[in-house]
Amino acid sequence: MTEAAKHYNPKEIERKIYEKWQPFFKVGKQKGKKTFIALIAPPNITGVLHLGHALENTMIDIMARYHRFKGDRVIWLPGTDHASISTQNVVEKKLKKQGLTRFDLGRKKFLEEVWRWRDQFGDLILEQFKRIGISPDWSRIRFTLDKEYVKTVEDAFIHYYKKGLIYRDDRAINFCPRCQTSLSDLEIDWRENNGNLFYIRYKIKAGSNEDLIVATTRPETILADVALAVSPTDKRYQKYLGEKAILPLVNREILIIADKRVDPNFGTGVLKITPAHSLIDYEIAQRHSLPMISVIDQEAKICNSLPEFNGLDWLEAREKIIERLKAIQALEKIEVYQHSLPYCERCGTALQVIPSKEWFLKMKDLAELAKAAVKQKKVRISPDRFKKVYFDWLKNVRDWCVSRKIWWGQQLPVWFCQNCLKNKSDVYKISRLKPQSNCNVCKKQNWSRTEEVFDTWFSSALWPFAILYSKKEQVWYPADIVSSARDIFHLWITRMIFSGFYFKGKEPFKKVFIHPTIMNKAGQRMSKSLGTGIDPIELVEKYGADVLRFGLIWQAQQTQDLRFNEDYFETGSKFANKVWNAVRFYQIFKDKNKESRADNGNLTKADQLILKDLKKTINLVEKKILNFEFSPALQSIYRFFWNRFCDVYLESSKTGKNNDKVLELVIFDSLKLLHPFMPFLTEQLWLNLGQKKLLFLQSWPETKTIDQFLKK
RNA sequence: GCCCGCUUAGCUCAGUUGGCAGAGUAUCUGGCUUACAUCCAGAAGGUCGUUGGUUCGAGUCCAACAGCGGGCACCA
């Protein structure tokens, strides 16, 4: 047996050990009848490992290693996400440094550029995953633009379409003037703003001198007003219903209507209706069959309006319109008003609500599927309080805009007739391949595929069955567990649930675990751009992978987000060293007492005590792991090993007549117990003890063996 | 605006059916005892956010308030 160093040094051993394990990560390498199937949240190809990834995947790795010990076949497939909008933006930023925009390159060359990026950097994050010791099957890496994956997504869209759940509509949506694309409600960053509330006077027609005052934050949109609305319960304005008001500056007549969405207590209780540039107004306009007039274009400039405003940027237009309103005495007053405004989550540009032709997925029935899944406990959400968040979101969910007008992504399987397009008429067919039939309208064949791409999340929503069903070799659907941070709960988790039920009639996973979000010490979100992010790989370099895992797990409590505290890595380092030295003690002790201390079959009180403690700890840890309570699990191992085994039992072994077999059992079982949490250290010690077969391939400690000892 | 969570030792956090307040870290005292000074033995440190209620008994249950965090809605 080799002389082990006095202190544990992770640096030299981690890579070597990982290589020894890696062949056994393969799915086919395990023979168990029961399976444990885990879904990885595929990181973006632009991604760099952050602490959240490290925590999330360490948790899954703990479960995976535990299940392997229990003899289960672990199926855990890694992969990456093409992440359309965020990847496009990253590559655009890179181009910007060379003074180029994507429009300079053109669509084709730009896409080549993105693919080059992906080939070069796309899998870097997976290499970083390896550094923290996680154990998915690396021979089965999936990417959301793989051929098979793309087909799954196209089939899903076509299937929805055939069932009438997909429709194309020209409607008010959130649009980023910089990214030049539509965005879903979930891709918006709302920021507090100090703005103004403008009180604008609209004259009532009917010859009277009466007028209605409207409070608005967006005076420039009066150019597109189609009505004024008041609350049906608002007595002040009942007499005006059905009358017409005159739009200032434009001098168009607009109807005065009543709608329940109007809050009589806000402003003057009169709301101007601009369906093209406000989501609420759009909804109200739909109810009252009002037309939609659009005066802001995709570049956030005024269009289709009075010549003096056309072409102005929306903010310039606002200034000018205020001036003009003042001039005609139509501006009653201006109040300071704090409210939040929508910005592009990816690039930070102020969004515009504008009408755009987009593809929508009807959410009503799908939301019901999702609700039923959790109500009937086919999918269990943990921690429990996220259930409420889940149901609340589904209750109010709007139809999902699944198309994007950016370049990088998966193109919709939609083909437009080019002839008809020239005549400004949209004739399209939905098909994976180019249609071979003639256009119904022009009777000619000139189909061209749309450049629109899918919302990445439409693609990610299909991840479970896209990867667990493919290749016919095996159906591994549904998975047992998926884990994510709360920020992609609706974006990803909820959508996987209804997609799974809709297409496979079955839940995509049995359990969802929402893990804490890692904040900095001040309780703020860590952000790469603000420089407040911490690179997990640097921590691996500094402390070793096991200690990183220890430190993250120790502080990740169930109930809330955690304020990242580097102190726990000191605790972890000390603990790793303690375990290292306890095993050294065992080795030295055994050698020294080879002859004099043979097993005499008797148990001392200390023996009995430590065995009972060991048994209790094994059961507790098992229970906690299954319940996602990783921190308490780790803490109970810590206390058992350090306080009861090292401080009490080992001390008594030095002087007393403890049973050597008990010492051996506790050492070996402790390594097994700790292995899912600190795999490298325990593996190295296992090998140091002269074991031929890897600890990775052992089984979970048996309490039966302990019972047999105790019976003696 | 509506909803949810959190508030416990200097710091970061545990505290599972209500029953003498815990850990890590930091601090102090004493020990290089041949596994580990990355250690051992011991000490100090808290009106459990505030106010009220239920109870023989409340960190734990209820109500209100405050501070912080989050979710939803919203260019009213």
Side-chain angles (χ1 to χ4, degrees), chain A residues 4-8 172 174 185-186 188 190-191 193 195 197 214-221 229 261-272 274 277-281 296 314 318 337 339-343 350-353 383-398 486-487 489-490 517 519 521-525 547 551 554-589 592 623-624 627 629 631-632 635-636 638-639 642-643 646-647 650-651 653-655:
Chain A
K6 245 181 160 181
H7 298 293
Y8 172 54
N174 282 297
D185 298 345
L186 295 175
I188 295 168
W190 290 89
R191 296 185 201 161
N193 245 284
L197 200 52
V214 174
T216 179
T217 55
R218 301 204 64 189
E220 67 279 12
T221 63
R261 276 300 292 265
V262 182
D263 174 5
N265 299 317
F266 185 90
T268 58
V270 186
L271 175 64
K272 64 188 217 52
T274 321
H277 305 298
S278 157
L279 297 178
I280 287 193
D281 295 7
I296 300 175
W314 63 290
R318 176 177 296 177
Y337 178 61
H339 62 149
S340 48
L341 296 176
Y343 291 83
L351 297 181
Q352 292 295 322
V353 171
D384 210 50
R385 75 198 130 91
F386 283 101
K387 270 190 223 159
K388 190 177 160 44
V389 178
Y390 179 80
F391 287 120
D392 282 354
W393 188 74
L394 287 169
K395 206 170 85 188
N396 305 313
V397 68
R398 272 197 288 244
R486 59 181 155 70
D487 56 352
F489 187 41
H490 303 311
T517 300
M519 314 293 235
K521 222 164 178 176
Q524 299 157 324
R525 260 211 134 90
V547 172
W554 184 284
Q555 58 188 306
Q557 302 290 342
Q558 279 230 310
T559 47
Q560 59 182 357
D561 295 338
L562 64 92
R563 292 184 180 203
F564 184 74
N565 188 342
E566 204 163 326
D567 291 349
Y568 291 111
F569 298 109
E570 295 298 337
T571 311
S573 297
K574 286 182 185 175
F575 183 58
N577 194 57
K578 190 73 183 175
V579 176
W580 180 264
N581 276 292
V583 172
R584 273 186 70 216
F585 171 82
Y586 164 71
Q587 286 176 288
I588 294 164
F589 184 77
K592 209 164 67 182
K623 202 173 120 196
K624 297 285 179 194
N627 214 20
E629 294 174 275
S631 180
Q635 294 194 30
S636 63
Y638 179 95
R639 293 208 177 92
W642 196 314
N643 303 129
C646 291
D647 291 350
L650 285 191
E651 289 306 319
S653 285
K654 285 177 182 170
T655 52

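Each chain gets a letter, A, B and so on, in the order its sequence line appears, and its residues count up from 1.
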**OP:** Please report, rounded to the nearest Å, how far the P atom of B:rG5 is from the NZ atom of A:Lys387.
**Re:** 14 Å
Subject >> Whole-Å C1' distance, B:rG67 and B:rG30 >> reply: 43 Å
Original post:
When rounded to the nearest Å, what value does the distance between P atoms of B:rU16 and B:rA23 take?
Top reply: 16 Å
Original post:
To the nearest Å, how far apart are A:Asn581 CG and B:rC36 C1'?
Top reply: 4 Å
Subject >> Nucleotide of B:rC40, B:rA23, B:rC75 approaching A:Asp647 most closely (side-chain heavy atoms) >> reply: B:rC40
Original post:
Considering every strand shown, what is the Watson-Crick or G-U wobble mate of B:rC2 when both distances are under 3.5 Å?
Top reply: B:rG71
Original post:
Backbone N or O of A:His339 within a donor-acceptor pair of the A:Asn193 side chain at under 3.5 Å?
Top reply: no
Original post:
Nearest-Å distance, NZ (A:Lys654) to P (B:rC40)?
Top reply: 10 Å
Subject >> Nearest-Å distance for atom pair CD/P, residues A:Gln555 and B:rC13 >> reply: 8 Å
**OP:** Determine the Euclidean distance between corresponding P atoms of B:rA21 and B:rC3; express it in Å to zero decimal places.
**Re:** 36 Å
**OP:** Test for a donor-acceptor pair under 3.5 Å between the base of B:rA35 and the side chain of A:Glu651, counting only N and O atoms.
**Re:** yes
Original post:
Between atom CG in A:Asp281 and atom P in B:rC74, what is the gap in whole Å?
Top reply: 11 Å
Original post:
If the P atom of B:rG59 is compared with that of B:rC20, how far apart are they to the nearest Å?
Top reply: 10 Å
Subject >> P-based separation of B:rU55 from B:rC11 [nearest Å] >> reply: 36 Å
Original post:
Does A:Ser278 reach the main-chain N or O of A:Asp281 with its side chain, forming a donor-acceptor pair under 3.5 Å?
Top reply: yes
Original post:
In the strands shown, is B:rG46 matched to any nucleotide by a Watson-Crick or G-U wobble pair with both distances under 3.5 Å, and which?
Top reply: none
Original post:
Partner of B:rU29 by Watson-Crick or G-U wobble geometry, both contacts under 3.5 Å, or none?
Top reply: B:rA41
Subject >> Check: A:Tyr568 side chain, B:rU12 base, donor-acceptor under 3.5 Å >> reply: yes
Subject >> Residue matched to B:rC61 through Watson-Crick or wobble contacts both under 3.5 angstrom >> reply: B:rG53
**OP:** Name the nucleic acid region contacted by A:Lys388, choosing base, sugar-phosphate or nothing; use a 4.0 angstrom heavy-atom cut-off, strictly under.
**Re:** sugar-phosphate
Original post:
With a non-hydrogen cut-off below 4.0 angstrom, is A:Asp567 in contact with a base, only sugar-phosphate, or nothing?
Top reply: sugar-phosphate
Original post:
Within the structure shown, what part of the strands sits under 4.0 Å from A:Val583 by heavy-atom distance: base, sugar-phosphate, or nothing?
Top reply: nothing
**OP:** Establish, yes or no, whether a centroid distance under 6.0 Å links the rings of A:Trp554 and A:Tyr638.
**Re:** yes
Subject >> Between B:rA41 and B:rU33 - P atom distance, rounded Å >> reply: 15 Å
Original post:
Given that both distances must come in under 3.5 Å, which nucleotide forms a Watson-Crick or G-U wobble pair with B:rA14?
Top reply: none
**OP:** Over all heavy atoms of both residues, which pair between A:Leu279 and A:Ala172 is shortest? Give the atoms and the distance, please.
**Re:** CD2-O, 3.3 Å
Original post:
Closest approach of A:Lys624 and A:Pro632, non-hydrogen atoms and distance?
Top reply: CD-CB, 4.0 Å
Original post:
Under 4.0 angstrom, heavy atoms only, what part of the nucleic acid is A:Trp314 near: base, sugar-phosphate, or nothing?
Top reply: nothing
**OP:** Summarise how protein sits on nucleotides 66-73 of chain B as a single string, 5' to 3': B when a protein heavy atom is under 4.0 Å from the base, S for sugar-phosphate-only contact, - for no contact.
**Re:** ----SSS-
Subject >> Proximity to the side chain of A:Arg639 - top-ranked nucleotide from B:rA23, B:rA14, B:rU38 >> reply: B:rA23
**OP:** Go through B:rC4, B:rC40, B:rC75 for me and flag the one nearest to the A:Ile280 side chain.
**Re:** B:rC75
Original post:
With a 4.0 Å cut-off on heavy atoms, is A:Ser278 in touch with a base, just the backbone sugar-phosphate, or nothing at all?
Top reply: sugar-phosphate
Subject >> Any strand: nucleotide that pairs with B:rC20 via Watson-Crick or wobble, under 3.5 Å >> reply: none
Original post:
Could you give the CD-to-P distance, from A:Gln587 to B:rC36, as a whole number of Å?
Top reply: 13 Å
Original post:
Are OP1 or OP2 of B:rC32 and a side-chain N or O of A:Lys6 less than 4.0 angstrom apart?
Top reply: no
**OP:** Determine the interatomic distance between C1' on B:rA37 and the same-named atom on B:rA58; round to the nearest Å.
**Re:** 44 Å
Original post:
With a 6.0 Å cut-off on ring centres, are A:Phe569 and A:Phe564 close enough?
Top reply: yes
Original post:
With a 3.5 Å cut-off and no angle check, do the side chains of A:Lys272 and A:Thr221 form a donor-acceptor pair?
Top reply: yes
Subject >> Euclidean distance for P, B:rG70 against B:rA9 (whole angstrom) >> reply: 23 Å
Original post:
Does a nitrogen or oxygen in the side chain of A:Lys395 sit under 4.0 Å from OP1 or OP2 of B:rC3?
Top reply: no
**OP:** Select from A:His7 and A:Pro342 the residue whose nearest nucleotide in RNA chain B is closer to the 5' end of that strand.
**Re:** A:His7
Original post:
Sub-3.5 Å donor-acceptor pair from the side chain of A:Asn627 to the main-chain atoms of A:Lys623, do we have one?
Top reply: no
Original post:
In terms of the angle between their ring planes, are A:Phe386 and A:Phe489 parallel, tilted or perpendicular, with boundaries placed at 30° and 60°?
Top reply: perpendicular
Original post:
If you look at every strand shown and take non-hydrogen atoms under 4.0 Å, does A:Gln352 touch a base, only sugar-phosphate, or nothing?
Top reply: base
**OP:** Sort out the partner of B:rU7 for me: Watson-Crick or G-U wobble, both distances under 3.5 Å, none otherwise.
**Re:** B:rA66
**OP:** Report the distance from atom CZ of A:Phe564 to atom C1' of B:rG24, rounded to the nearest whole Å.
**Re:** 15 Å
Subject >> Interatomic distance, A:Glu566 CD vs B:rG24 C1' [rounded to whole Å] >> reply: 15 Å
**OP:** Keeping the roles fixed (side chain from A:Glu570, backbone from A:Glu566), state whether a donor-acceptor pair exists under 3.5 Å.
**Re:** no
